[in-house]
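Report on one structure; see the data block that follows.
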Amino acid sequence: MLERVPLLEKDLDDYRSVVDYEVLDRIHELAEPLKGAKVLHLNATAYGGGVAELLATHVPLLRSVGIDADWRVLHGSDEFFHVTKTAHNGLQGAEVEWTPELQRVYLERVLDNALAMDDGWDFVVIHDPQPAALLSFLRETPVFSPETRWIWRCHIDLTTANARVWEFFRPFVELHDASVWTMREFVPASLVMDRVIVTPPCIDPLAVKNLDLADPFVVEICKQYGIDTKRPIMCQVSRFDPWKDPVGVIEAYRLVREEIPDVQLVLAGSMATDDPEGFKVWEEAEEARGGDRDIHLLSNIQQIGAVQINAFQRAAHVVLQKSLREGFGLTVSEALWKGRPVVGGRAGGIQLQIRDGVDGFLVDSVEEAATRTVELLSFPERADELGASGRAHVRANFLSTRELEDWLRLFHDLGSGTRP
Ligand code: UDP
């Protein structure tokens with residue numbers, strides 16, 4: 001059996017404190033005929049990055065409405081994750097060598113995982129390219145059941161996908177009964193599939209990362225990391241990944257410092273287990289930092305967890321998410337939910353979350369990121385105004401309850417209910 005991820009307990013009714021009763025009633029009603037359905041979510045990592053963050057809430061919420069949901073992760077290896085990161089980069093538009101040897105490593109490992117699958121699922125949701133070929137192998141095994149509905153959830157931006165890499169994955173994806181995307185623009189024109197659903201991810205307002213924190217607690221946590229909450233703070237929270245452009249953020253900070261000399265930068269990022277590039281990008285950021293004590297380069301190695309991220313996002317006067325490519329970028333909604341304005345790269349799902357000039361600013365360069373940051377640091381009332389509007393935008397569009405409702409509708413559509 002594939003490794004099962006331990007789950008938190010969540011109760012949908014606790015969300016009464018943040019969303020309207022009608023939303024919860026609708027969800028309970030949609031869930032009623034699906035009670036007892038067996039749903040499996042399968043992805044590559046239990047920790048680090050947005051997909052793990054989403055599933056940590058979504059799967060317990062499914063369980064709280066009576067669905068027998070489970071979360072499992074692929075059994076990978078350093079070599080496999082190196083190959084899947086190459087595929088990920090290629091699908092996001094990078095020039096990569098997608099050689100027969102890489103394809104062999106990928107397929108062999110997915111086959112191993114297919115052989116470890118158990119049966120009895122009503123719905124299986126496969127996340128991203130790492131397990132995308134699993135169904136093709138499983139169809140040849142005795143555990144395959146034609147009654148199971150298979151869904152491929154793509155979290156990445158395929159608008160400029162490297163054609164060789166996408167053409168490799170496309171036949172595997174097309175075996176699924178449906179695919180789910182963050183934005184319509186991400187869906188390649190070549191995809192042949194009856195059910196293509198667009199529904200963006202969301203954040204959990206009741207997760208430790210997003211709960212209200214009292215100011216003295218925020219100040220104390222920042223102090224422990226040498227961050228002075230009395231001075232201006234800009235902050236980006238991201239995996240150390242070239243697409244998140246941490247070096248660009250440092251360059252923007254340097255330009256900001258020319259105008260606002262006492263500014264500090266917090267760059268916090270975890271190392272995901274399926275992301276072998278993390279240490280290399282960390283070193284690049286460390287080099288760009290050049291020993292500047294006002295740049296706080298932090299990771300889970302210094303025990304940066306959900307509470308710390310929560311505190312940094314709240315303490316920040318401006319949050320950045322200067323991505324060059326982005327599927328969605330949960331960190332944007334996380335910051336907006338805390339009433340902080342966000343300066344975000346004009347990329348993928350960041351554009352869904354930031355209405356330019358309303359909740360923050362969309363930028364195309366280091367210079368623009370710096371100019372907008374200076375503007376927000378110079379006019380705190382305006383910054384608060386944008387932050388408040390961002391929080392309302394997130395409440396209406398990007399909370400876990402909205403996503404739960406969308407998924408229940410999809411399950412209905414695909415054939416509701418448990419097996420006879
Ligand atoms: N995150 C975290 N610690 C870190 C860096 C990131 O907990 O040091 C979280 C972040 O708060 C967010 C998720 O990881 O919830 C990243 O999701 P996002 O969609 O922004 O990016 P992805 O990593 O999926 O590309």
Side-chain angles (χ1 to χ4, degrees), residues 50 53-54 92 155-157 159 181-186 198-205 209-210 233-239 241 243-246 248-249 252-253 255-256 265-269 309-310 312-400 402-403:
E53 187 77 20
L54 280 168
Q92 292 225 114
H155 294 272
I156 54 185
D157 176 353
T159 37
W181 305 75
T182 297
M183 293 175 85
R184 176 71 51 194
E185 295 87 316
F186 292 178
V198 176
T199 168
C202 59
I203 61 158
D204 180 357
K209 180 170 293 166
N210 297 317
I233 299 171
M234 46 197 283
C235 167
Q236 174 161 305
V237 173
S238 283
R239 282 181 297 109
D241 177 313
W243 301 107
K244 311 281 186 184
D245 199 16
V249 174
Y253 152 85
L255 293 176
V256 172
L265 170 65
V266 179
L267 257 184
I309 297 290
N310 189 340
F312 298 155
Q313 288 170 331
R314 281 178 198 284
H317 298 89
V318 178
V319 169
L320 285 98
Q321 190 53 59
K322 212 206 132 314
S323 305
L324 305 169
R325 272 281 188 288
E326 189 62 77
F328 183 68
L330 291 175
T331 50
V332 173
S333 278
E334 287 166 7
L336 294 175
W337 181 247
K338 297 172 180 94
R340 303 322 306 147
V342 182
V343 172
R346 196 184 303 277
I350 293 179
Q351 302 163 92
L352 294 173
Q353 300 171 79
I354 302 176
R355 295 164 298 176
D356 199 15
V358 177
D359 315 299
F361 295 106
L362 295 170
V363 297
D364 294 293
S365 65
V366 165
E367 292 72 24
E368 223 183 321
T371 308
R372 291 306 196 180
T373 303
V374 169
E375 194 177 324
L376 291 168
L377 291 178
S378 310
F379 298 100
E381 278 174 19
R382 169 100 172 109
D384 287 345
E385 223 174 81
L386 297 184
S389 127
R391 181 172 162 99
H393 186 44
V394 171
R395 184 193 295 279
N397 299 290
F398 304 118
L399 296 185
S400 315
R402 196 230 70 237
E403 195 195 31

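Counting from 1, the numbers follow the sequence of the chain as shown. Because the structure is a prediction, the values reported are computed rather than measured.
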* Structure fact -> Heavy-atom nearest pair, H393 first then R355, reads CB-NH2, 3.4 Å
* **Nearest non-hydrogen partners of G349 and F186, listed with the distance** => N-CZ, 4.0 Å
* Is the shortest side-chain N to carboxylate O distance from R340 to D384 below 4.0 Å? ->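 Salt bridge: yes.
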* To do: Taking side chain to side chain donor-acceptor pair (under 3.5 Å) as the test, write out the residues that go with N210, two or more places apart.
  => K338
* Residues that E375 engages under side chain to side chain donor-acceptor pair (under 3.5 Å), provided they are two or more places apart -> R372
Could you tell me whether the side chain of [Y] reaches within less than 4.5 Å of the side chain of [X], counting heavy atoms only?
X	Y	answer
C202	S333	no
S323	I350	yes
R346	D356	yes
R402	T199	yes

Would you compute the distance between atom [atom1] of [X] and atom [atom2] of [Y] and round it to the nearest 0.5 angstrom?
X	Y	atom1	atom2	answer
L324	D245	CG	CG	4.5 Å
L336	D359	CG	CG	5.5 Å
H155	L54	NE2	CG	6.0 Å

* **Check against side-chain contact (heavy atoms from CB on, under 4.5 Å), Q236 and Q321** => CA-CA 6 Å; Q236 174 161 305; Q321 190 53 59; 3.9 Å; yes
* Sort out for me which residue in K244, Q351, Q92 forms a side chain to side chain donor-acceptor pair (under 3.5 Å) with E326. =>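 Going through K244, Q351, Q92 one by one, the side chain to side chain donor-acceptor pair (under 3.5 Å) with E326 is satisfied by K244 alone.
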* **Steps toward side-chain contact (heavy atoms from CB on, under 4.5 Å) verdict (F328, L352)** => CA-CA 8 Å; F328 183 68; L352 294 173; 4.3 Å; yes
